[in-house]
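A short worksheet on the structure shown next.
Here is the naming used below: chain letters follow the sequence lines, and residue numbers restart at 1 for every chain.
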Amino acid sequence: MDVNYMHAQRAIRLLLKVDGKSIRAYHKHEPYFYLKANDPACLEQLKKIQVNDGEKNYALERIEPVQRMLEGKPTQVWKLVTAHPGLVPKFQDAVRHYGATYEYNILFTRRYLIDNHLTPGAQVEVEFERRNGKRWVTSIHSVATDANPPYNILAFDIETYNPSGMPDPKRDPLLMASYADASESRVITYAQPLRTEGFVQNVASEKDVLQRLAQVLREKHTDVLCTYNGDVFDLPYVTERSLQTKADAHFGRDHSLPKSKRLGLRNVTSLGGRIHFDVYNTVYFLNYIGATKLARMTQLAAYEGLLGKTKADFPKDQIVAAWDKKGQPLTDLIEYSRQDAVACYELAEYCLPLFYALGKVTGTTLFDASRFTSGQLVEALLLKKAFDRGEIAPNKPTAEEVAERTAEPIQGAYVKTPLPGVYENLAVFDFKSLYPSIIISHNIDPSTLDCDCCRGEGEAHISPTGQRFCKKRQGLIPAMLQEVLTTRFAIQKQMKALDKESAEYKQLYGKQWALKILANSTYGVLLYPRFRWFRRECGESVTAYGRKYIQDVIQKGEQAGFNVLYTDTDSAFLQYNGKTKQTVLDFGKAVNEQLPESMQLELEDFYPRSIFVGKKAEETGAKKKYASINEQGKIKIRGFELVRRDWSKVARNTQRSVLEILLKEGDVKKAAELVRTTLNELKDGKVPLEDCVIYTQLKKKVANYEIKSPEVGAVLHARKSGMNVPENSMVAYVIGKAGGEAVSERARLVELAKDYDADYYINNQVLPAVLKILGSLGYDKDSIRLKGTQKGLGDW
DNA sequence: GCGGACTGCTTACCT
DNA sequence: ACAGGTAAGCAGTCCGCG
């Protein structure tokens, strides 16, 4: 379940769970990397090389000639074995001028897992022998199973004293810690003269809270400790408070305190022998890939967005008063704290199966799987598959190579401009996994590009950009994708027969979800400059094939007499007015017959009515903005302001209502009336301030902006009035009446907003949002006014 | 000096 | 720190007019 390198033992330490009990075992594994020498005669020199690790000098343990696939060709290389993992980078540096070196920067624990085909969290069959009082592994292998690991899971959360806004762990004490698991939820605190009763355990001091919490982890044999943002807040905080109070609070199984380190751009925190699962990371990931679209990523927002549940909030600026004055506010704070732990546990329950699966598929630990970016996940999977195929992985690029790769972007997907209007009888087709299926069908891979074996005419796949891809030997990436897609489809088939609430269904759902993430990320990483398998020609060929396939659909659709209204990348909107649905089905079938085996054009749905709008201030239609209603009355909306968090709720809700009325009833007059009502409410100051909030994420430090946009203006104003606003924050602001001419001068953080500027919300929010739609249907401001009553829209 | 048109910066969306 | 294609607002600048 946990894998570490132990320098003292010169071995991997495994944490295994046997009959519910955790045990340690040690396993020897050789660190190594590869050298493809320019001149085989350098062997004698290599043997003489010595490096120093700060304590003593080492020579290479062994130099072993091995046959591996390198850049698509069988190649003779040397496997250079070192005495311990820390020597790998040192020897790499010492030998690289003898040729090309490979696989020298793969983390040793990952190297161990890959080489032994082990999957953390999966069942293993293992044999030991006893030596020096320790268990030494003599054989180990993973047993394939979809079952979730039998971890003991606990969620915890802390409340802190925060007299100056943000709490400072060097100074401000912990007030309470709450925890929750499947059977209970409790709060440990030291608020005298509270008694221990119900779910509250009262102890003597902050130090005792920390020690009791550590004791809970021991008693419950916690394997997975869940937090919400524990990487940067809860765990570093309890660590610092443990040091400050000299508490004997060792949260790790090895009696260590949590340790923070840098992973990419952010801090992560781990604890010995237990897995720290930070739910925030997973919520962030789910939101990033579009599974949810939360405007803010607070635990409360996640609780509502992911689970559809809600709970009472407790304002952060009232914690100090509640603690100092006791009474009902303190009781509320304690209950809030308990519910936070419960919500964290429930969110973890939801997210864990997804990341168990992602870890299993990519062979990474739960800790890593829940923190890796999609690029790192794909890399992990490919490293595993490359090893299994006897292929050496390409190196990570140097800074210069990254710069070179970044220089020229490639041409992407094709998007057809729609003609604005209301359309009836649309059928939407979609290529199923377009880019992955192109990669498989045309064997697109860095190692199959310009192979030596398919030089003749008709011997290679030739992409629309003229790149040649091998037809004889399947590349690593197409092979990986083929396995991923076929496994995913098989799982989806299996799922159909299962009860959606069953554990088996949820496990399978997690697995197919993980496979989808990996399939969907693969094209992107081909063009990601830091990716090991980056190859511009591959990415370029994928999109070029993509454009070709969708253009074929357009051409064939028009030939068959459909109005091909709109296409974007892999989807096509066909209007079949005057034709039957059967002709649509027949068309799909005909197209599919001419596609490669791995590709498929699917009928997504029939839509009785759809709305496409015009581009602002132009005659042409807007791409990536449409709304459709299907035969079951389900509405699908894309791209409109109402799906964007940087538009106010009042504008979004009004636009949504207009679209719904038009799609369901086609009643422009009713829509116009609704708009008029909203405008009057705005004018009369009746709209709640929270409906006027606009959310915008700051993506750099405030000082680095060239332009003072409204969100930047709001932060500058707040700081001027003494508020501490963190950098790179999600800004929630309202446009008020006072402050100046420019919008940015009137922008106020919602906490500081006193009023809203009705003119702004009418003219810059609601009207543009709804006129975009009504205007595209041939109505202007005036013609809408005619449909209203005399009070009308003239007053705008 | 003025107002409208245009450009650039920026964000968040779609596939 | 997976890609490119796209719309759009607001600030800031350019440009013609005179």
So, A/Q655 and A/E641: side-chain donor and acceptor under 3.5 Å apart, yes or no? yes
How close or far is atom P of C/dT6 from atom NZ of A/K623, stated in whole angstroms? 4 Å
NZ/NE/NH1/NH2 to OD/OE distance under 4.0 Å, A/D568 and A/K624: yes
Taken in chain and number order and not counting sequence neighbours, the residues that satisfy salt bridge (Lys or Arg N to Asp or Glu O under 4.0 Å) with A/R532 are A/E379
Atom CD of A/E408 and atom C1' of C/dG4 are separated, to the nearest Å, by 14 Å
Can you check the A/E641 CD to C/dA7 C1' distance for me, whole Å? 8 Å
Ring centres under 6.0 angstrom apart (A/Y528, A/W533): no
A/D757 pairs by salt bridge (Lys or Arg N to Asp or Glu O under 4.0 Å) with which of A/K683, A/R746, A/K737? A/R746
Check the distance between C/dT6's P and A/R638's CZ and give it to me in whole angstrom. 18 Å
Base, sugar-phosphate, or nothing: which does A/I410 touch, judged by heavy atoms less than 4.0 Å apart? sugar-phosphate
Which part of the nucleic acid, if any, lies within contact of A/W647, taking any heavy atom under 4.0 Å across all strands shown: a base, the sugar-phosphate backbone alone, or nothing? sugar-phosphate
Less than 4.0 angstrom between a side-chain N/O of A/N764 and OP1 or OP2 of C/dC10, yes or no? yes
If you look at every strand shown and take non-hydrogen atoms under 4.0 Å, does A/T373 touch a base, only sugar-phosphate, or nothing? sugar-phosphate
Starting at the 5' end of nucleotides 7-12 of chain B, put B wherever the base has a protein heavy atom under 4.0 Å, S where only the sugar-phosphate does, and a dash everywhere else. -BSSBB
Among the nucleotides C/dC2, C/dG4, C/dA7, whichever has the atom closest to the side chain of A/K625 is C/dA7
Measure OH/A/Y566 against P/B/dC14 and give the value in whole Å, please. 10 Å
I need the CD1-C1' distance between A/I289 and C/dC2, as an integer number of Å. 12 Å
List the atom pairs, donor and acceptor, that lie under 3.5 Å between side-chain atoms in residues 413-420 of chain A and the rest of the protein, sequence neighbours left out.
none

Rounded to the nearest Å, what distance is computed from the CD1 atom of residue A/I637 to the P atom of nucleotide B/dC14? 11 Å
For A/K701, does the NZ atom have more than 12 heavy-atom neighbours from other residues, nucleotides or ligands under 6.0 Å away? no
For A/G524, which contact category applies under a 4.0 Å heavy-atom criterion: base, sugar-phosphate, or nothing? base
The answer to which of A/Y288 and A/K772 contacts DNA chain C further toward the 5' end, by nearest nucleotide, is A/Y288
Reckon A/K624 has a side-chain N or O less than 4.0 Å from the OP1 or OP2 of C/dA7? no
d(CZ, A/R547; P, C/dG4) in whole Å: 12 Å
By the 4.0 Å heavy-atom rule, please label A/S744 as base, sugar-phosphate, or nothing. sugar-phosphate
Taking A/F573 as the fixed residue, which of A/Y607, A/Y626, A/Y423 is the one that meets the ring-ring contact (aromatic ring centres under 6.0 Å, His included) rule? A/Y626
Which listed nucleotide (B/dC14, C/dC2, C/dC10) is nearest to the side chain of A/V743? C/dC10
